[in-house]
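Notes follow once the structure below has been shown.
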Amino acid sequence: MSDVFVIARLALQEAVRRRVLAVVAVLTVVSGVLYVIGCVSLKNHIHGLLEIGGGVVKPIVPATLLGLASFGTLFLGSVLAVFLTAGAVRGDVDRGLVQPLVVRPVGRGAYLAGRALAAIVVSGGYVVVISLLATAVTRVVFDQLPSGAWSALPDLVGAVCIVTTLTLLMSCLLSTVATGISVLMAYGAGLIAGLLGEVGRAFGATTVTRIANTVSYLLPFEALYRDALSRLSPAGPLAQLVQLGPLGGARAGGVGLWVFAVGYLVACLLVAAWLFGRSDL
Amino acid sequence: MATLQSPAHTAVVRASGLTKTYRRVQALRGVDLEVGPGQVVALLGPNGAGKSTLTKVLCGLVRADGGTASVAGAAAGSGPARAHTGYLAELFRFPGWLTATEVLATHQRLARSAAGAAAVAEREQLLAEVGLAQAADVRVETMSKGMQQRLGLAQAMIGRPAVLLLDEPTSALDPAGRHTVREVLARARARGTAVLLNTHLLGEVELLADAVVLIDAGRVVAAGTVAALTQGTGVVIETDQGQVEHRDVARSDVPALVARLVAEGRQVFAVRPHRSTLEDLYLRLVGDRESQR
């Protein structure tokens with residue numbers, strides 16, 4: 001286990017020395033300030049609107065803002081995960097960085113686990129910090145939150161963990177650039193499939209819905225994102241009209257989704273370890 | 001097929017019938033090799049002969065298709081074998097943002113070689129040995145290629161492994177650096193370390209290696225001590241008509257040969273045993289493969 005931590009520490013040191021964390025911290029502060037300004041401005045602008053219908057509209061605003069924040073947070077967390085992990089195996093093998101490490105009695109599985117751990121700590125930590133900040137700011141500005149606001153956080157962290165392990169798996173097969181492109185394209189495809197699913201459900205197109213559901217299983221970060229949105233969805237008569245994310249709506253996944261997501265994550269790691277273990281360096 | 005063998009019970013590195021194919025390219029075609037403790041064995045051969053593949057099989061980076069290989073009594077590539085192996089790859093890189101000390105400290109932790117004050121002492125000693133004592137806090141990205149190669153050698157020697165597998169360890173070094181590496185390897189040999197040295201520098205091999213294994217197209221084409229491989233099989237006789245090489249002449253036939261030349265009216269000034277060089281051997285057995293591709 002200590003080997004895993006040595007490798008993870010090395011990767012985290014790189015993120016610090018290469019100023020990845022500094023850049024992320026600065027941009028996080030900037031986006032946080034913009035979010036605060038946006039929330040305050042919006043509240044002032046629609047102040048009268050919030051009281052319409054005896055306050056029935058009021059819960060929709062913070063829920064919508066948190067939905068948008070979730071989309072942005074997951075997207076940026078995923079980009080971070082992809083950039084930190086895309087070159088973890090094939091890319092670093094091609095550069096000659098891996099060979100001196102794995103000749104030491106470090107299992108290749110431990111090497112992979114270390115790289116995954118470092119990426120999950122950074123990108124998962126980013127998602128946690130941003131989501132907590134966004135939720136807290138929304139609570140302070142609007143004086144209320146959707147009932148499941150805090151419980152959406154594990155979904156988002158789970159989603160970014162899936163993106164990380166998927167990137168690690170792809171990095172065993174492809175070069176750095178090809179891995180980055182393929183995972184980010186898969187990410188976009190997942191979101192678009194979710195949107196298509198909403199369209200399919202709205203028009204009763206079962207084939208489209210089935211395709212969207214299948215993609216959700218193949219790329220479960222998408223399903224976890226929709227599960228997070230469902231937790232943010234406000235209760236009440238207008239809830240059904242609200243689409244929280246910019247690319248479609250909420251959909252509860254339940255416990256089954258989490259079981260599947262954990263299994264998917266473990267399977268990705270095992271397949272990556274198997275591929276890396278049998279490859280010639 | 002020629003093979004190199006140390007006494008069977010002492011070999012620290014042993015390969016038998018190793019084969020490896022990359023898609024359509026057969027890199028190894030049944031290589032046998034043994035390296036004993038305190039022995040420096042040089043792997044020679046043209047580019048693409050299979051030298052690096054053999055080294056990588058021994059340190060577990062590449063899986064052989066057939067044959068067996070062991071290091072320090074354990075299957076090559078296994079955890080116990082790698083625990084006794086120091087490896088310097090031909091193409092390697094350390095993270096540029098680490099200093100020399102940090103590179104060694106990371107590898108010390110992974111190799112579990114030493115901790116605390118002992119680890120600091122080991123790092124200082126290794127850096128001094130390879131001539132980087134003044135560069136302990138220099139970042140890898142600001143080092144010359146030669147300095148990085150010296151650091152790579154120091155990394156390979158962490159924990160004083162029983163086996164050193166070095167793939168072209170002096171390719172980026174200047175003559176002084178090569179001299180330093182020869183001294184380092186000589187000390188390692190004196191400590192009983194088995195060294196397998198993959199190189200193109202024949203002069204270096206003649207100065208350092210106890211034995212040579214010449215590989216071509218994945219096969220061992222010659223193996224033995226440097227003296228045995230360069231030993232002549234004839235004599236060079238200097239007469240009034242110049243020097244003449246008489247190959248395949250046994251020592252016992254030399255007096256009769258000289259007598260015949262004298263009888264033919266020649267003046268014989270000197271008779272020397274014919275001695276070839278590693279380069280002669282290399283060119284005779286391997287030739288210029290790259291120009292033939």
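- Within 6.0 Å of the OH atom in A/Tyr217, the count of heavy atoms belonging to other residues, nucleotides or ligands does not exceed 12.
- Per-residue counts of heavy-atom pairs under 4.5 Å with chain B were compared for A/Val98, A/Val103, A/Leu10; the largest is that of A/Val103.
- Within residues 128-152 of chain B, the residues that have a heavy atom under 4.5 Å from a heavy atom of chain A are B/Arg139, B/Glu141, listed by number.
- Proximity to chain B at a heavy-atom threshold of 4.5 Å picks out A/Arg17, A/Arg18 from residues 15-33 of chain A, in numerical order.
- The interface of residues 77-99 of chain B with chain A, defined by heavy-atom distances below 4.5 Å, comprises B/Gly79, B/Arg82, B/Ala83, B/Thr85, B/Tyr87, B/Leu91, B/Phe92, B/Arg93, B/Phe94, B/Pro95, B/Gly96, B/Trp97, B/Leu98.
- Contact of the B/Arg112 side chain with the A/Asp3 side chain is registered, since non-hydrogen atoms from C-beta on lie closer than 4.5 Å.
- With a 4.5 Å cut-off on non-hydrogen atoms, A/Arg278 touches chain B through its backbone and its side chain both.
- With chain B as the partner, the residue from A/Arg9, A/Glu14, A/Gln99, A/Gln13 showing the most heavy-atom pairs under 4.5 Å is A/Glu14.
- Residues A/Pro100 and B/His107 meet the side-chain proximity criterion, which asks for heavy atoms closer than 4.5 Å.
- Scanning residues 52-66 of chain B against chain A with a 4.5 Å heavy-atom cutoff picks out B/Lys56, B/Cys59, B/Gly60, B/Leu61, B/Val62, B/Arg63, ordered by number.
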### Message
For a salt bridge (charged side-chain N to carboxylate O under 4.0 Å, His left out) check, start with the C-alpha distance between B/Lys20 and A/Asp280, then their side-chain angles and the critical distance, and finish with the verdict.
### Response
CA-CA 11 Å; B/Lys20 175 66 185 177; A/Asp280 290 333; 2.6 Å; yes

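- Rounding to the nearest 0.5 Å gives a distance of 8.0 Å between CG of A/Leu101 and CD of B/Gln155.
- In A/Phe83, the CZ atom is not crowded: 12 or fewer heavy atoms of neighbouring residues, nucleotides or ligands sit closer than 6.0 Å.
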